[in-house]
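Only heavy atoms go into these numbers, but all of them, side chains included; no hydrogens, no water, no symmetry mates.
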Amino acid sequence: MEWRSIGKFAKKVGLRPTTLRRKHDTGEQIPCHISKGGTHYDSTEQLDQFLNIGQKRKSLDIVEFLLWHRKRI
């Protein structure tokens, strides 16, 4: 398992590190490791999962838009 710092992870998923830290603090995203200095790390597996969820959300948004548009016609 490879770890990514909160900054690198956030950049990959298109979030600010502060947003990702908030997700860690609320339990929405659990870091796989926190160093003694307080640096949060997420795994490459978490990155893959996060990106997959984002892709599914985009797909759902498109479907919802198409259904909404269809009702208007």
Side-chain angles (χ1 to χ4, degrees):
M1 176 182 353
E2 189 177 324
W3 296 348
R4 292 185 184 265
S5 69
I6 193 169
K8 290 180 181 179
F9 188 95
K11 189 173 185 175
K12 276 285 201 186
V13 298
L15 296 174
R16 292 181 175 267
T18 53
T19 303
L20 190 54
R21 187 174 292 276
R22 193 174 319 117
K23 288 181 177 292
H24 287 170
D25 292 343
T26 62
E28 188 177 342
Q29 171 88 10
I30 306 296
C32 68
H33 178 73
I34 300 176
S35 72
K36 289 180 183 178
T39 303
H40 290 211
Y41 292 91
D42 293 285
S43 68
T44 51
E45 288 83 4
Q46 286 174 301
L47 177 63
D48 292 342
Q49 183 181 32
F50 196 98
L51 293 173
N52 190 30
I53 289 170
Q55 186 60 39
K56 286 180 182 178
R57 181 68 223 157
K58 286 179 188 174
S59 297
L60 286 174
D61 288 345
I62 292 169
V63 169
E64 288 172 0
F65 171 77
L66 291 173
L67 289 172
W68 172 82
H69 185 70
R70 184 175 177 192
K71 288 178 184 178
R72 297 196 59 164
I73 298 178

Report the distance from atom [atom1] of [X] to atom [atom2] of [Y], rounding to the nearest 0.5 Å.
X	Y	atom1	atom2	answer
Gln29	Gln49	CD	CD	7.5 Å
Arg21	His40	CZ	NE2	4.0 Å
Arg22	Asp25	CZ	CG	9.0 Å
Phe9	Thr44	CZ	OG1	9.5 Å

- Message: How close do Gly7 and Pro17 get, counting heavy atoms only, and between which atoms?
- Response: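 Reported closest heavy-atom pair: CA-CG, 4.1 Å.
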- Query: For the residue pair Ile30 and Asp42, what are the closest heavy atoms and their distance?
  - Reply: O-OD1, 3.8 Å
So, do [X] and [Y] sit near enough that their side-chain heavy atoms are less than 4.5 Å apart?
X	Y	answer
Gln46	Cys32	yes
His24	Ile6	yes
Tyr41	Ser5	yes

- Task: Measure from the side-chain N and O atoms of Glu28 to the backbone N and O of Leu20, and report whether any donor-acceptor pair falls under 3.5 Å.
- Result: no
- Ignoring hydrogens and geometry, is there a side-chain-to-backbone donor-acceptor pair from Thr39 to Ser35 under 3.5 Å? no
